[in-house]
Every structure is written in structure tokens, then in C-alpha cells.
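So the structure is just underneath, and the comments pick up after that.
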There are 2 protein chains.
Amino acid sequence: MRPVGHCTIGVLSGLSGVGVETIRYYEREGLMPPPARSASGYRMYGPDDRSRLVFVRRARELGFTLDQVRRLLDLADERAGSCQQAQGVAAAQLREIRRKLADLRRMERALNGAVAACSGGTMPRCPLIEALAAA
Amino acid sequence: MRPVGHCTIGVLSGLSGVGVETIRYYEREGLMPPPARSASGYRMYGPDDRSRLVFVRRARELGFTLDQVRRLLDLADERAGSCQQAQGVAAAQLREIRRKLADLRRMERALNGAVAACSGGTMPRCPLIEALAAA
DNA sequence: GGTTGACCCTGTAGGGACTACAGGGTCCAG
DNA sequence: CTGGACCCTGTAGTCCCTACAGGGTCAACC
Ligand SMILES: [Zn+2]
Ligand SMILES: [Zn+2]
Ligand SMILES: [Zn+2]
Ligand SMILES: [Zn+2]
């Protein structure tokens with residue numbers, strides 16, 4: 001019942017916001033199924049492919065790894081008992097994001113302090129450099 | 001006038017908190033100078049090497065790329081008129097960190113909302129999954 | 001004096017998630 | 001019928017390490 005694919009990889013790229021080379025990479029990695037091919041071997045995509053690819057893009061934008069995206073796609077395909085597992089994957093990613101946020105906040109504070117201490121003039125010794133060198 | 005190197009790569013690794021393989025990698029990449037060698041070919045490091053390596057580690061912890069670290073090291077070596085350039089490098093990195101912080105905060109909000117919407121039970125359709133799939 | 005075992009050496013390959021060719025083939029508009 | 005935009009496969013590069021593989025060296029212990 002799926003309509004046969006009717007757009008090329010370049011058009012799909014425009015529609016989904018995912019680069020052409022990246023789409024082919026996702027296919028190699030098993031995130032996107034091998035699409036139908038035209039007589040001359042061109043990949044031909046249908047609406048299902050577009051939905052799936054947008055799903056992947058959104059998940060990547062939220063920082064999920066390709067492995068996590070694969071798992072989420074499996075769960076989305078199954079459509080049964082998926083909720084708890086999906087929540088597990090998302091919660092893990094949320095923890096990871098919060099860890100990175102804490103790291104970046106620390107980095108921001110430290111670097112901001114060092115940049116503020118440096119006047120930007122031609123002083124012989126730069127407090128910015130010294131902040132990195134000193135104990 | 002530099003004292004001849006007197007510690008091995010493993011000891012330097014312990015002193016600096018940088019892995020042995022990473023130190024050799026930094027040498028290949030030109031961040032660390034080729035050290036003196038013992039009669040049997042072991043790398044022998046002195047206090048200057050240790051300072052330099054700690055500098056690299058600190059800069060990496062603040063998110064500078066190896067290229068940026070190279071530039072900062074050059075400026076630190078020159079010890080003249082470096083301030084403005086060092087501030088430029090650091091300011092660029094600070095902008096980058098703030099960009100990443102904004103990204104992560106957006107991700108955290110979105111993902112937190114999705115996880116909260118998902119009860120974790122065995123409902124037929126998971127709002128978390130749908131948030132990724134829907135427009 | 002021999003034998004562990006921890007260390008050191010070089011060189012190469014892997015990882016994650018792309019990205020960029022190189023060297024071709026296809027399609028369509030002018 | 002020709003130019004240029006698209007598509008194909010396959011391979012190699014990016015960044016920053018990390019992990020071998022296959023050796024050599026050194027100090028301690030029995
Ligand atoms: Zn300064
Ligand atoms: Zn759910
Ligand atoms: Zn070409
Ligand atoms: Zn070995």
C-alpha cells in the first residue's frame with residue numbers, strides 16, 4: 001500500500017534539511033532503509049522515508065547518538081510496549097545533556113574570568129595566558 | 001641552562017594528568033617538542049615539559065581546539081605583544097561555548113518536556129516518540 | 001642468574017558522525 | 001547536441017584521542 005517513491009535524494013535533502021551525503025551515510029548505517037531505485041539506479045524516496053528522516057534529524061538535534069536514534073526508531077516501528085524503553089533512552093540523554101551543561105557552565109565562568117582579567121593591551125605578561133600556565 | 005630531562009613518559013603522565021598515548025600524540029601533532037631520549041630510547045622529560053603539558057591540559061579543559069592551543073602556546077612562547085591575539089582566541093572560544101550553552105539549554109527544555117509528557121506506562125502512542133515524528 | 005611484570009618503543013587501526021573528493025553516469029533545457 | 005546540474009560508488013579525510021600488536025628495557029624478587 002505504500003506509494004512507490006517519487007522524489008530523488010536531492011529533493012529529499014531539501015525537504016528534510018539533511019545533506020545528500022548524510023542521507024546516504026544513514027542508509028549505510030541502517031537508519032534509513034534502502035530506497036526504491038529508478039531504472040537508471042537513482043534512489044527514489046516516498047513520504048514514509050521523508051517522515052523517518054525528519055524523525056532522525058529531530059532526534060539528532062536533541063543530541064541523541066545514532067545508536068539511540070536507532071533504538072527510538074525501532075520502538076516507533078514496533079508501536080507496542082515502547083513507552084517505558086523510549087523514556088529510558090530519553091532520560092539517559094537528558095542526564096547526558098545536563099552533564100554537558102554543567103561542564104560548559106564551568107568552562108564559561110573560568111574563561112570569562114580569564115578574558116576579563118586580560119586588558120587586551122601590550123602588557124609583558126598576560127593574565128589570560130598565566131591562568132592557563134599557573135597552578 | 002635547562003636541566004636535562006629526568007622523568008619518563010609514565011611519570012609525566014601521572015604528574016600532568018594526561019595519558020601516555022595522548023602525550024605521544026601531542027608530540028606527533030607538534031604541541032609538545034620532541035623530548036630528550038635515554039640511552040635505550042626512552043623519552044625523558046624535564047620541568048618545562050611538565051609546565052607546557054599542564055598548559056595544554058588546562059586549555060583543552062576550557063574547550064580550546066588543538067589548533068587554538070597551538071596558537072596560545074606560540075603566543076606564550078613569544079612573550080611580546082601577545083595579549084591582543086590571545087584575547088582574540090579566547091574570545092572566539094567564549095563565543096563558541098556560549099553558542100553551545102544556548103543549544104544545550106534549548107535541547108534540555110525540549111527533551112525535558114517530552115520526557116515529562118511520556119508517562120512511561122504502556123500507552124498505545126507515546127508522546128515522546130510523537131514529538132520527534134510530528135511537524 | 002633467571003624470570004616475572006611493569007614499563008617503554010614504533011606503527012597502525014578504530015571510533016562517531018559526518019564531509020569531501022574522484023571518477024564516472026544521467027537528465028533536461030536551451 | 002551540449003552544458004551544467006544532478007546522481008552513482010567507493011574511498012579518504014576530519015577531530016581528538018584510544019587501543020592494540022609486536023616488540024625492547026628495566027628493576028625487583030627468588
Ligand atoms: Zn592578556
Ligand atoms: Zn511515552
Ligand atoms: Zn566528478
Ligand atoms: Zn606486547
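Atoms considered below: every heavy atom in the structure, side chains included; atoms not considered: hydrogens, waters and symmetry mates. Here is the naming used below: chain letters follow the sequence lines, and residue numbers restart at 1 for every chain. This structure is a prediction, so every number in the text was calculated from the model and none was measured.
- As a whole-Å value, the separation of A:Gln68 CD from C:dA17 P is 9 Å.
- In summary, B:Arg52 and B:Asp49 do not engage in a salt bridge, as defined by a charged side-chain N under 4.0 Å from a carboxylate O.
- Taking only side-chain nitrogens and oxygens, A:Arg43 comes nearer than 4.0 Å to OP1 or OP2 of D:dC8.
- Between A:Ile9 atom CD1 and D:dA5 atom P there is a gap of 19 Å when expressed in whole angstrom units.
- Distance CG (B:Leu53) to P (D:dC17): 11 Å, rounded to an integer number of Å.
- A straight line from CD of B:Glu27 to P of D:dC17 spans 15 Å, rounded to a whole angstrom.
- Minimum interatomic distance between B:Met44 and B:Thr8 (heavy atoms only, all atoms of both residues): SD-CG2, 4.2 Å.
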* Asked: Is there a salt bridge (Lys or Arg N to Asp or Glu O under 4.0 Å) between A:Arg71 and A:Asp74 once you walk through the steps?
  -> CA-CA 5 Å; A:Arg71 261 177 290 165; A:Asp74 284 352; over 6 Å; no
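- The backbone N or O of B:Val18 sits less than 3.5 Å from a side-chain atom of B:Ser13, completing a donor-acceptor pair.
- Atom CZ in A:Arg57 sits roughly 16 Å away from atom C1' in C:dC18 (whole-Å rounding).
- Side-chain N/O atoms of A:Thr8 include one lying less than 4.0 angstrom from OP1 or OP2 on D:dC7.
- Results of the salt bridge (Lys or Arg N to Asp or Glu O under 4.0 Å) test with B:Asp103 over B:Arg105, B:Arg99, B:Lys100 single out B:Arg99 as the only residue that passes.
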Could you go through residues 25-36 of chain B and list every donor-acceptor pair under 3.5 Å that involves a side-chain atom there, pairing it with any protein atom two or more places apart or in another chain?
| from | atom 1 | to | atom 2 | distance (Å) |
| --- | --- | --- | --- | --- |
| B:Glu27 | OE1 | B:Arg43 | NE | 2.7 |

Please tabulate the protein-to-nucleotide N/O contacts below 3.5 Å involving nucleotides 25-30 of chain C, giving atom names and distances.
| from | atom 1 | to | atom 2 | distance (Å) |
| --- | --- | --- | --- | --- |
| C:dG25 | N2 | A:Tyr42 | OH | 2.9 |
| C:dT26 | O4' | A:Tyr42 | OH | 3.2 |
| C:dT26 | O3' | A:Ser40 | OG | 3.3 |
| C:dC27 | OP1 | A:Ser40 | OG | 2.8 |

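- Atom CD in B:Gln84 sits 11.0 Å away from atom SG in A:Cys126 (nearest 0.5 Å).
- The distance from the CG atom of B:Leu128 to the SG atom of B:Cys118 is 5.0 Å, given to the nearest 0.5 Å.
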Give me the distances for all protein-to-nucleotides 10-16 of chain D N/O pairs that come in under 3.5 Å?
| from | atom 1 | to | atom 2 | distance (Å) |
| --- | --- | --- | --- | --- |
| D:dC16 | OP1 | B:Leu66 | N | 3.4 |
| D:dC16 | O3' | B:Arg60 | NH2 | 3.4 |

